[in-house]
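For reference, positions follow the sequence shown, starting with 1.
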Amino acid sequence: MFKRFAGNVMGLMQAKRLVAVMLCLAVLFGCKKSAPPGESETTNTLFTLLPADKTHVDFSNTLTEGLNTNVLMYEYFYNGGGVAVGDLNGDGLQDLYFTGNMTDNKLYLNKGELQFAEVTAAAGVAGRPGPWKTGVSFADVNGDGKLDIYVCYSGKLRAQKRGNQLFINQGNDANGVPVFKEMAANYGLNFSSFSTQGYFFDYDKDGDLDLLLINHNPKRENILDEVSVADLMSKTDPESGIRLLKNNNGFFADVTAAAGIVNTSLSYGLAAGIADINGDGNPDIYISNDYNIPDRLYISNGKGKFTDELQMQIGHTSFSSMGNDVADFNNDLLPDIYSLDMLPADNRRQKMLFASDNYEAFNLSLRVGFYYQYMRNMLQQNNGNNTFSEIGQLAGVSNTDWSWAPLFADYDNDGWKDMFVSNGYTRDYTNMDFLKYVGDNLRNRQAMRQDLLNLVEKMPSSDVKSYFFRNAGNSAFTDVSTVWGINQPANSNGAAYADLDNDGDLDLVVNNVNKPAFIYQNNSQAQSKNRYLSVKLAGEAKNTQGIGAKLIIYAKNKKQYLEQMPTRGYQSTVTTVLHFGLGADTRADSIRVIWQSGKVQTLVNLKADQLLTLSERNALVISKKPSVQKALFKEIPAPFKYTSAKSSVNDFKRQPLMVNPLSFSGPCLAKADVNGDGLDDIYVGGDSGKAGSLYLQQKGGGFTLTSQPAFTADSKCTNTAALFFDANNDGKPDLYVCSGGYNDYTATDPMLQDRLYLNNGKGNFIKSLNTLPKMLSSKGCVKAADINGDGFADLFVGGRVVPGNYPQPPESYILINDGKGHFTDKTEAINPSLKHIGMVSCAEWADMNGDKTPDLIIAGEWMPIMIFENKGGKL
């Protein structure tokens with residue numbers, strides 16, 4: 001048993017699966033006297049935590065640790081439960097439903113004024129007794145206009161205990177309590193899978209709701225190499241793999257494979273974000289996968305088929321992706337993607353919970369196709385051209401600890417979507433001191449289950465807090481957690497927002513582990529003059545809540561975008577009433593609704609502070625498809641084949657504290673017409689024992705590789721930069737090649753000497769000897785300009801790094817040309833500060849001040865962009 005546990009721990013360490021918790025937020029906002037438990041520290045915060053004796057909501061997701069029920073037996077033991085918000089009985093008030101992992105689920109009817117009545121038994125929705133309930137979805141599954149409830153099950157249990165449940169709303173009893181009947185089997189939805197969440201949406205746009213079921217593997221698969229991954233990916237797994245179910249007149253059929261959805265045991269799905277991400281009118285899917293299993297970005301073709309385009313559209317993702325949300329945070333009418341991970345904000349916890357980076361494990365992940373993943377939250381800003389720019393660190397939302405539910409919404413009604421992030425893990429599962437304690441106490445003996453339980457009880461616990469980020473309106477967010485009243489320690493998981501008291505601002509509901517649920521009252525309407533507009537949708541056919549509809553609101557020179565998809569965040573469902581903050585605007589110029597059927601309607605001159613009800617039957621039919629902007633560039637096949645030399649060098653073994661490897665700076669490229677035929681030719685620099693290559697362009701557009709003995713003779717050098725220029729003033733382009741590299745060289749290695757190759761005019765190059773000074777540094781760039789005005793091309797050669805001595809600044813050089821291709825180091829005379837200016841990665845010559853002389857611009861690592869003005873040949 002301990003062997004399996006140790007393997008899991010090592011896997012977590014290698015994969016950087018860490019627990020991380022924020023401490024001392026008071027340092028950021030100033031110290032305050034602690035308030036009694038369950039109360040906000042101040043009365044003027046945006047949110048007030050309401051006590052249970054006021055709301056009568058006493059639900060607590062209480063976990064009981066035992067021999068068979070602990071985190072060492074089931075790694076998702078502390079992942080928590082969900083919460084769903086919706087009007088179940090049609091009285092205009094939003095009701096609450098909580099799932100409990102080991103406790104009964106509970107339903108609370110909203111009685112107004114933020115008071116609730118628990119009606120679980122009367123409604124018949126307690127769920128199956130015992131473990132393990134996870135996500136909950138409110139959706140009108142049968143299209144009768146009433147919200148139904150779908151509850152997911154998981155856990156390391158027998159299959160008969162894991163059947164998901166569907167509670168169909170039968171209408172209200174005499175007391176106004178909605179009564180439900182469990183009918184999962186009738187609809188084909190009683191799966192005995194390891195489910196996290198069900199998402200009801202109309203993927204094929206036929207008017208009824210289909211189901212995306214996010215499942216996860218309860219155990220860690222042993223991923224050793226490409227062969228093991230290929231073997232696992234070749235086998236479907238209906239219990240662990242993600243599934244897509246099509247609604248066929250009330251019975252759901254599995255269409256996973258036909259739709260192109262990956263279904264294997266390599267699935268650790270924790271959330272999905274569903275929206276029309278590329279703007280073509282079809283719902284797309286972003287899936288968060290835990291551990292090092294890659295996330296998925298499924299783009300719909302509109303004909304029932306999805307293609308994973310994550311690696312084409314997104315540069316990198318979070319590592320252990322938790323919850324996610326898809327919403328337009330910057331008001332450009334494009335849906336953005338936010339996924340959560342586990343990176344702490346403070347240095348102490350990062351060091352306490354971080355295992356060392358493992359370069360080989362990272363490369364293995366790339367080799368098996370798992371893509372670039374890093375342990376922090378990722379905010380993917382939609383560029384509108386099927387690409388995303390990740391700006392989480394720039395926006396200030398990358399570090400929120402072990403986080404679960406992100407929820408974009410305008411909580412202060414200023415017209416910009418803010419962000420709530422639930423946070424916390426009950427025990428510090430990857431605390432480095434604890435892992436050492438485990439090794440010391442269980443070394444050389446087999447652990448029994450009681451031993452494991454004893455270990456669990458000794459795992460450290462941390463008080464953590466959730467986060468609120470206020471949208472500053474400039475693609476940046478400000479941490480206002482304490483200012484807005486989120487200052488209560490708790491391990492919070494599922495969360496949902498809704499206007500619970502119908503006062504025009506969004507309240508917040510949070511499901512906690514081993515602590516009563518939080519209900520936060522929003523005080524925005526009482527504290528500010530900001531206005532709002534709420535919209536309730538009434539769809540046609542059986543999509544009665546208008547799932548997939550898009551709303552755009554215009555007010556003066558501002559615009560906002562929302563898409564109807566209430567199941568979002570993590571294991572939870574938010575209100576179906578769409579909410580816009582208007583700031584100080586007393587009315588909206590117009591609102592445009594694009595229903596998923598293609599119908600469109602526009603309303604104008606709308607007074608603020610009201611709830612609109614919009615019906616699809618009043619919309620007009622349009623046949624025009626969304627226009628797709630034609631790309632300026634089109635990728636074509638490469639005109640010649642070139643394969644870089646393979647290298648297994650690991651720079652971090654030489655210097656563990658480097659922030660990036662420097663041995664992979666090539667191959668460099670340079671172009672010029674080297675044979676005078678009017679066609680550009682291409683030089684590709686070599687490294688790792690491969691010589692540089694010169695390709696001559698042919699009239700038909702193809703390229704021919706030439707034989708260059710001079711290049712072959714220098715194949716041991718690493719070529720980091722190259723430049724075609726006329727070195728000897730004969731009218732023919734010669735070639736200067738910088739030598740560089742890192743791991744294979746000493747600080748003064750002869751292989752670091754640069755080279756000048758002279759062109760005979762026919763594209764044949766000969767190495768010029770004794771024309772360059774001694775230049776034994778690893779270079780980053782070379783650029784040519786006539787510095788002294790004598791008509792000959794001089795050079796700036798930027799030093800990149802001193803091998804083995806990163807980040808010591810290497811030597812850079814100013815080389816003056818005598819007009820015959822002989823160069824002299826004049827750095828000291830022209831500007832001695834350039835000699836060790838920094839770790840130069842790029843430079844350019846340009847006339848910055850209009851005096852018709854070239855000035856020098858330099859950029860590099862750990863240095864600012866610098867401009868050197870040319871004054872009479874001095875810089």
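- Ring geometry for H216 versus Y76: interplanar angle of 30 to 60°, hence tilted.
- Between R376 and E390, at least one side-chain N (NZ, or NE/NH1/NH2) sits under 4.0 Å from a carboxylate O, which counts as a salt bridge.
- Between W404 and W402, the ring planes lie parallel to each other; the angle is under 30°, not in the 30° to 60° tilted range.
- Using cut-offs of 30° and 60° on the angle between ring planes, the pair F47 and Y520 is perpendicular.
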### Message
Determine whether I285 and F201 satisfy the following criterion, side-chain contact (heavy atoms from CB on, under 4.5 Å), listing intermediate values before the conclusion.
### Response
CA-CA 11 Å; I285 306 168; F201 74 118; 4.0 Å; yes

### Message
Checking D237 against T264 for the side-chain hydrogen bond (donor to acceptor under 3.5 Å, both in side chains) test, could you report, in this order, the C-alpha distance in whole Å, the side-chain angles of both residues, the deciding distance, and whether it holds?
### Response
CA-CA 5 Å; D237 189 332; T264 73; over 6 Å; no

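- Residues V480 and F469 approach most closely at CG2-C, 4.3 Å, considering heavy atoms.
- Remark: of the listed residues D341, N377, D479, N423, N377 is the sole one forming a side chain to side chain donor-acceptor pair (under 3.5 Å) with T400.
- Heavy atoms only, all atoms of each residue included: S572 and V83 are closest at CB-O, 2.9 Å.
- Here the closest heavy-atom approach between residue N491 and residue Y425 is recorded as OD1-N, 3.0 Å.
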### Task
Apply the test side-chain hydrogen bond (donor to acceptor under 3.5 Å, both in side chains) to residues S154 and T134: give CA-CA distance (whole Å), side-chain angles for both, the deciding distance (0.1 Å), then the verdict.
CA-CA 7 Å; S154 185; T134 52; over 6 Å; no

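- Screening residues 406-423 for salt bridge (Lys or Arg N to Asp or Glu O under 4.0 Å) gives D412-R470, D414-R470 as the qualifying pairs, with residues at least two apart or on separate chains.
- Ring planes of F477 and F408: tilted class, angle from 30 to 60°.
- Here the closest heavy-atom approach between residue K133 and residue N105 is recorded as CE-OD1, 3.4 Å.
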